[in-house]
Amino acid sequence: MHIVVCVKQVPDTKIIKINPKTNTLDRRSAPAILNPYDAHAVQEAVKIKEKTGGIISVLSMGPPQATAVIKKSIEIGADRGFLITDRAFAGADTLATSYALSKALERINKELPVDIIICGKHAIDGDTGQVGPGIARRMDIPPVTSVIAVEEVNVKEKTVLIKRKLTSGYELIQAELPCLLTVEKEINEIEYPPMPNMINAARYEPIIWAVSDLENVDHAQLGLKGSPTIVGKMFTPPRPEGGKKFEGTADEQVSQLMDILQDKKDLFSIQTPN
Amino acid sequence: MNLDECRGVWIFIEQNDGEIEGVSLELLGAGRKLADKLQVPLAGFLLGYGIKGLANQVIAYGADIVYLIDHPVLENYRTESYMKGVIYLAEKYKPEIILYGATPNGKDLASAVATDLVTGLTADTTMLDVDVENRLLEASRPAFGGNIMATILCKKHRPQMATVRPKVMKALELDEERPGKIIEEKISLNEEEMRTKVLQIVNDVTKKANLADAHVIVCGGKGMGDPQNFQLIYELAETIGASVGGTRDVVEAGWLPHEQQVGQTGETVTPKIYFAIALSGAIQHVVGMKNSDLIIAINKDPNAPIFDVATYGIVGDALEIVPKLIDQFKKLTAEKGGEMSYV
C-alpha cells in the first residue's frame, strides 16, 4: 500500500495579525505550522499503514522553508517527503496548485504506484477545500471528500470503505483504489509522536524538486499565469447598523429589554396551555 | 474561449432524498438579482432520479429555466456521475455564472467541475454582486480566518463559479404562478463505470435539530470567565427554550463542543433572537450570526464591536445581567402560566 499525503504549511490563523491601515496580512506575526487538517491526514495514513503495511509519502508545495511541515509529518509517522518548490509556482490559486501537485504525483506514481492520496479537508489559510478534488480529477481517480472514518481497506479487492459526512448525518461509501480522500478533524486524534520518529524527523532531509524535475509540464498552467481567479480587492466587512444601546442601572436596562421583547409579538410570545 | 458566448446565471439545485436543500432556494433568490442586473435568464439545474416533480418548485422560487437530468445512476450524489451531468449541461448551454451551496456535496461537485471546465472557483462566498459593464461576478469571502473580506474575480475564464455559504442569502417568497420553462436532457451513464458506490445513507435526526435551525440562540463568549460561570448561558437558554452557542475561544477552551461554535469556522445561524453574551464581536463571529432577526448584546465594554451589530445592547457585567434576565423570564412565564414560543 502506497499512501501519499498532501500537506501545506500555513500561518497559524489563530494568532495572525492584520495591518489595520493596509488591510493586509502581517505574515511575520504568525508562526508557520502544518495545516491542522493535514496533520489528521498524515495520522490517518499511519493508521492505515498499521493495518496494511506499506509506505507513506508526503508531498507539499511551497517555499523552501516548507520542509518544516514535511519533517513534522515524518514525526507523525510518514516515511519520506517531497517538496516541490519553484518561483514558477508562486501565486497559484487552487486550479494551478492542483495542477502542479498532480505533476509531482505523476512522477511519484511512476516510481511507486499510488493507492491512496489523502488531503486535509481544507487549509486554514485559504479555507477552500478545492485542491484535493482538483487533484483527483487531474489524476482521474475517484474523490471522496469530508471523510470522517476509513472503516476498512481491502488490499486484495483494492477497495476502501469510507464514512463521509453529510449536511445531516453520514453516508457509507465504497471506493475503488486508487482514490483520493479529504479528511475532517473528527477522523482521528493526533497521537503524541514516538521518540524514534522524532529522531528520524530531526535528521530527515526531504526530497526537493523544481519544475525542471517534473515531466510534461505546461508552464502556462502554473502559478499566477495558470490561475483563473484573482483577488480584486480586500475590505473590512460592512457591519450591519447597530441599534439601541440601553442606559441606566442593570435592573433598568433589563426591564427596558423585557418591555421591548414583550411588544415583539411576531418574534416572541407566551403560549398558555388551554 | 469566447467569453461573449456565455450568458445566463445558473444555480445548482441540490436535492437529497427528493427534498431541495434550503441553500439552493436561497441561491435562487441571490441569483435572481444577479440575472436581473445582467438581463439574462436565471436557471436552476437539477440532477437525480425521480426528481422531475421538483422542477416547478425551482421556478416558483425564482428560476426562468430548469435544466433537468433524471437518471437511475444519479439516485445518490456521487462526484463522478454528477460531475458528468453538470459538465454536459455547462458545455451545451454555456452559462456565465454558476453558483453552488457550500455544503459537502456542493463544494465537492464545484471543485471537480471547475477542474474539468478549467475555470475559477471561489469558495464559501458570503457576498455576491456583479460588475454589469464587465459582466464580472464579484464573489466576496472572509479571508485569513475571517478578519477581512476578499473579493475574488475570474476575468478570463467562463463560467465564473462560486460556492455560497448556507443562510447568508435570502430566498424569495414562493410564487406558484411564476412562469418558467423545463428542459430535460438525457445523458448516458453506466453504473459499471462508476468507481464509487453509496452503500448506505444515515440521517442523524438529532443533528438536524441543531444550531443552524434554532429559533433562539444564547451564545456565550470567553468573557464569561470560566466554565462554571458559563453555566449561566445554559440556564438562560433553558429558561427561554433556546439553543446554546459559543465563540471559537470558548470551544477551544473546551467549554463547549465544536458543533456548538457559531462563526466562520463553525455554524452560520439565522435565529429569530440571538443573545450575544460576554463576547466582543470579532468579525469571524459576526459573519456567522449577523443575519439573525434580533440581536441582543450584553457586554461590559461599551466599545465592544458586538454593539455595532446588535439590535439592542446592554452595557454591563454578564454575571450580573444574565441572572436578572433569567429571573425576569421566569417571572414572565409564571405570570402567564405558559411556555415561551417563537412564531
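Throughout, protein chains are lettered first and strands after them, A, B, ... in sequence-line order, and every chain is numbered starting at 1.
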Item to check | Under 4.5 Å from any heavy atom of chain A - which part of Lys197(B) | outcome: both
Checklist outcome for this item: Correct closest heavy-atom pair for Asp124(B) and Asp127(A) would be OD2-O, 3.3 Å
Checklist entry - For the atom pair CZ (Phe329(B)) and CG (Leu257(A)), what is the distance rounded to the nearest 0.5 Å? => result 6.0 Å
Checklist entry - Which bit of Gln262(A) comes within less than 4.5 Å of chain B, counting heavy atoms only: side chain, backbone, both or neither? => result side chain
Item to check | Interchain contact, Ile162(A) with chain B, by part (heavy-atom threshold 4.5 Å) | outcome: neither
Checklist entry - With chain A, which of Ala110(B), Ala114(B), Pro302(B), Ala102(B) has the greatest number of heavy-atom pairs at distances under 4.5 Å? => result Pro302(B)
Checklist entry - Which of the residues Thr126(B), Leu136(B), Leu153(B) is involved in the greatest number of heavy-atom pairs with chain A at under 4.5 angstrom? => result Leu153(B)
Checklist entry - Can you tell if the side chain of Glu186(A) reaches within under 4.5 Å of the side chain of His258(B), non-hydrogen atoms only? => result no
Item to check | Interchain contact, Ile260(A) with chain B, by part (heavy-atom threshold 4.5 Å) | outcome: side chain
Item to check | chain B interface, residue from Gly248(A), Ala250(A), Ser146(A) that has the most non-hydrogen pairs under 4.5 Å | outcome: Ala250(A)
Item to check | Note, Leu294(B) side chain near Leu261(A) side chain (heavy atom, < 4.5 Å) | outcome: yes
Item to check | Ile296(B) versus chain A, the contacting section by heavy-atom distance below 4.5 Å | outcome: side chain
Checklist entry - Quick one: does Gln253(A)'s side chain have a donor or acceptor within less than 3.5 Å of a partner on Val315(B)'s backbone? => result yes
Checklist entry - So which of Leu325(B), Asp116(B), Thr103(B) has the largest heavy-atom pair count under 4.5 angstrom toward chain A? => result Asp116(B)
Checklist entry - Which bit of Thr163(B) is near chain A, if near means a heavy-atom gap under 4.5 Å: side chain, backbone, both or neither? => result neither
Checklist entry - With respect to chain B, which residue among Pro142(A), Ala175(A), Gly232(A), Cys179(A) yields the maximal number of heavy-atom pairs within a distance under 4.5 Å? => result Pro142(A)
Checklist entry - Which distance, rounded to the nearest 0.5 Å, do you find between the CD of Gln160(B) and the OG1 of Thr229(A)? => result 11.5 Å
Checklist entry - Which pair of non-hydrogen atoms, one from Arg195(B) and one from Ile141(A), has the smallest distance, and what is that distance? => result NH1-CA, 3.7 Å
Checklist outcome for this item: d(Met149(B) CE, Lys233(A) NZ) to nearest 0.5 Å is 10.0 Å
Next on the checklist: Measuring from atom NZ of Lys245(A) to atom CG of Asp308(B), what distance do you get when rounded to the nearest 0.5 angstrom?
Outcome noted: 7.5 Å
Checklist entry - For Ser111(B) and Pro133(A), which heavy atoms make the closest approach, and how far apart are they? => result CB-CB, 3.5 Å
Next on the checklist: Out of Ala297(B), Gly120(B), Ala123(B), Gly313(B), return the one with the most heavy atom pairs under 4.5 angstrom to chain A.
Outcome noted: Gly313(B)
Item to check | Option in Val198(B), Ile298(B), Ile273(B) with maximal non-hydrogen atom pairs under 4.5 Å from chain A | outcome: Val198(B)
Checklist entry - To the nearest 0.5 Å, what is the distance between OG1 (Thr122(B)) and CD (Gln130(A))? => result 7.5 Å
Item to check | Structural part of Glu80(B) lying under 4.5 Å from a heavy atom of chain A | outcome: side chain
Next on the checklist: I'd like to check Leu172(A) versus Val202(B) (side-chain heavy atoms, cut-off strictly below 4.5 Å). Are they in contact?
Outcome noted: no
Checklist entry - Checking heavy atoms, do the side chain of Leu199(B), its backbone, both or neither come under 4.5 Å from chain A? => result both
Checklist entry - Given a strict heavy-atom distance threshold of 4.5 Å, which part of Glu320(B) is in contact with chain A: side chain, backbone, both, or neither? => result side chain
Item to check | Side-chain heavy-atom pair Thr151(B), Val231(A) within 4.5 angstrom cut-off | outcome: no
Checklist entry - Among Thr333(B), Thr119(B), Leu121(B), which has the most heavy-atom pairs under 4.5 Å with chain A? => result Leu121(B)
Checklist entry - Taking Val10(A), Asp140(A), Val131(A) one by one, which has the highest count of heavy-atom pairs under 4.5 Å against chain B? => result Asp140(A)
Item to check | Residue Thr79(B) versus chain A: region with a heavy atom under 4.5 Å | outcome: side chain
Checklist entry - Are the side chains of Leu166(A) and Asn105(B) in touch, meaning some heavy atoms are under 4.5 Å apart? => result yes
Checklist entry - Between Thr128(A) and Lys107(B), what is the shortest heavy-atom contact and its length? => result O-CE, 3.6 Å
Item to check | Under 4.5 Å from a heavy atom of chain A, the part of Asp293(B) involved | outcome: side chain
Next on the checklist: Less than 4.5 Å to any heavy atom of chain A: does that hold for the side chain of Met194(B), its backbone, both, or neither?
Outcome noted: backbone
Checklist entry - At what distance, to the nearest 0.5 angstrom, does CD of Glu171(A) lie from CZ of Arg78(B)? => result 10.0 Å
Item to check | Within 6.0 angstrom of Asp17(B) CG, more than 12 heavy atoms from elsewhere | outcome: no
Checklist outcome for this item: Tightest non-hydrogen contact, residues Pro104(B) and Thr167(A), listed as CD-OG1, 3.6 Å
Checklist entry - Hey, which of Gln221(A), His122(A), Lys163(A), Arg164(A) has the most heavy atom pairs under 4.5 Å with chain B? => result Arg164(A)
